[in-house]
Amino acid sequence: MEAKKINDEISLKELVVIGKEWCNYLLSQWKIIVITGLIGAVLGITYSLIKKPVYMATLSFAVESEKNGGMSGALGLASSFGFDLGGSGGGIFEGSNLTELFKSRKMVEQTLLTPVIYKGKIISLAEMYIQNNEWREGWEEKPKLKNAFFLPDADRKSYTRVQDSILGVIYDNLSKSALTVGQRDKKIDVISIDVASTNELFAKYFCEALAKKVSDFYIETKSKKSRENMSILERQTDSIRVELNGAITGVAVANDNTFGLNPALNVRRTPSARRQVDVQANTAILTELVKQTEMAKVTLRKDTPLIQVIDKPILPLKNDRFGKAKGILFGGFLAGFITLLFLIIRRILKQLL
């Protein structure tokens, strides 16, 4: 027992001695540590000055669409007990499908061709993105890229392979690192769009334009059948109204031709009677078509979803800026830590050799 205590005391003393030796060694290298720390601080503040702040534009909205009354309630009640009974065909862009629609290439590219006012000129968001990233400076010696421009609201089908490639690169950059769409809380049916960019105006413009493009496409798609049905009914109503007006005029003309006619000559009254039948038939048809058209208008209003914007991006936007103080502390600490680690490893290697 006594020998064990002696060994423990000796090992503890040795540990203290080794610790003092290391402290003395590191203190003797204080000039190197301080100099590298200062260099790291200078590099940190330089990085903070060069690094552009990243602005975040956020837009939130809620979607309200007309449900199928009791059937949707029954489906919701069944799903709450774990039964999946399916749904109506109108749910193609519901839930996660709607959020994926925001990230689709079609919607993003249509948004990139939206006109905006930037530096006193009307340009597309694609051109604004290219200018912000200073791509054209590197395209001076490449004629195909140099002559590739993106005019606002241009016909997408007429684009060349080079233009398609550039839009594809922009889409990849935005979808992977700049664009985020989703629900902050799955219990709340509010969808948020976040767009990050080093250009504050681009983040705001793109966020708002994307919401507008997707909103128009979503409403048009959801109400397409009802809108087509109403259009057909309106054309039929206009056609029957023209026929009815012609039939009424025909009755008047026939009556004028038979005015003062001998009552015994009934054959001459046949055109007037025929026209009266046309008036009655067209009147009945027109009455039913007007009724169906009004019902179609009500159905269209029900099938047209309401997209209510809750919050829009307002300047100035929130930004993630790498501050000077943060650069000095982070750069100095990182450089000092690396120097300490280097000195320790170098001394250990010397002792081993």
Taking all non-hydrogen atoms of both residues, which atom of [X] and which atom of [Y] are closest, and how far apart?
X      : Y      : answer
Ala247 : Asn282 : CB-ND2, 4.2 Å
Ser177 : Asn173 : OG-O, 2.8 Å
Pro316 : Glu200 : CA-OE2, 3.2 Å
Gly37  : Ala335 : CA-CB, 4.3 Å

In the structure I gave you, are the side-chain heavy atoms of [X] and [Y] within less than 4.5 Å of one another anywhere?
X      : Y      : answer
Tyr159 : Leu113 : yes
Asn199 : Tyr118 : yes
Lys106 : Phe217 : yes
Phe342 : Thr36  : no
Asn319 : Val54  : no
Tyr205 : Met128 : yes
Ile123 : Gln131 : yes
Ile191 : Thr99  : yes

(message) Pairing donors with acceptors under 3.5 angstrom, does anything connect the side chains of Asn132 and Thr198?
(response)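 Yes - a donor-acceptor pair under 3.5 Å links their side chains.
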
Any donor-acceptor pair under 3.5 Å from [X] side chain to [Y] backbone:
X      : Y      : value
Ser223 : Ser226 : no
Asn133 : Tyr129 : yes
Thr114 : Thr111 : yes

Are [Y] and [X] linked, directly or through intermediate hydrophobic residues, by side-chain heavy-atom contacts shorter than 4.5 Å (ILVMFWY only)?
X      : Y      : result
Leu340 : Ile32  : no
Ile39  : Trp30  : no
Val162 : Leu167 : yes
Val169 : Ile166 : yes
Leu341 : Leu352 : no

Salt bridge check: are [X] and [Y] linked by an N-O gap of less than 4.0 Å?
X      : Y      : value
Glu220 : Lys224 : no
Lys146 : Glu140 : yes
Glu294 : Lys297 : yes

Could you list the donor-acceptor pairs under 3.5 angstrom formed by side chains in residues 285-292, with sequence neighbours left out?
unit_1, atom_1, unit_2, atom_2, d
Thr287, OG1, Thr283, O, 2.7
Glu288, OE2, Gln292, NE2, 3.1

Using 0.5 Å steps for rounding, measure from the [atom1] atom of [X] to the [atom2] atom of [Y].
X      : Y      : atom1 : atom2 : value
Glu208 : Leu125 : CD    : CG    : 10.5 Å
Leu179 : Lys103 : CG    : NZ    : 7.0 Å
Phe61  : Ser192 : CZ    : OG    : 8.5 Å
Leu210 : Leu101 : CG    : CG    : 8.5 Å
Ile130 : Leu145 : CD1   : CG    : 9.5 Å
Lys52  : Ser197 : NZ    : OG    : 9.0 Å

Using distance only, find each side-chain donor-acceptor pair of residues 232-242 under 3.5 Å and give its atom names and separation, not counting sequence neighbours.
unit_1, atom_1, unit_2, atom_2, d
Arg235, NH1, Ser231, OG, 2.9
Thr237, OG1, Leu233, O, 2.7
Thr237, OG1, Thr293, OG1, 3.3

More than 12 non-hydrogen atoms from neighbouring residues, nucleotides or ligands closer than 6.0 Å to [atom1] on [X], yes or no?
X      : atom1 : answer
Glu137 : CD    : yes
Ile117 : CD1   : no
Ile122 : CD1   : no

Check residues 148-156 and write down every donor-acceptor pair under 3.5 Å in which the side-chain atom is one partner and the other belongs to a residue at least two apart or another chain.
unit_1, atom_1, unit_2, atom_2, d
Asp155, OD1, Lys157, N, 3.2
Arg156, NE, Glu109, OE1, 3.0
Arg156, NH1, Asp164, OD1, 2.5
Arg156, NH2, Glu109, OE1, 3.0
Arg156, NH2, Asp164, OD1, 3.1

(request) Could you go through the side chain to side chain contact (heavy atoms under 4.5 Å, CB included) check for Leu315 and Leu201 one step at a time? (result) CA-CA 8 Å; Leu315 299 177; Leu201 289 178; 3.9 Å; yes

(request) State which residue, out of Asp311, Ile310, Val309, fulfils the side chain to side chain contact (heavy atoms under 4.5 Å, CB included) condition with Leu59. (result)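 Output: one option passes, namely Val309.
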
(message) Determine whether Ile193 and Thr58 satisfy the following criterion, side chain to side chain contact (heavy atoms under 4.5 Å, CB included), listing intermediate values before the conclusion.
(response) CA-CA 6 Å; Ile193 310 171; Thr58 301; over 6 Å; no

(request) Look at the rings of Trp135 and Trp139 and say which category their plane angle falls in: under 30° parallel, 30 to 60° tilted, over 60° perpendicular. (result)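 Trp135 and Trp139: tilted rings.
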
(request) Take Val116 and Phe202 through the side chain to side chain contact (heavy atoms under 4.5 Å, CB included) test and state the conclusion after the steps. (result) CA-CA 9 Å; Val116 294; Phe202 178 83; over 6 Å; no

(message) Please evaluate residues Lys144 and Arg161 with respect to the criterion side chain to side chain contact (heavy atoms under 4.5 Å, CB included), reporting the C-alpha separation (whole Å), side-chain torsions for both, the decisive distance (0.1 Å), and the verdict.
(response) CA-CA 10 Å; Lys144 291 184 178 180; Arg161 186 183 182 91; over 6 Å; no

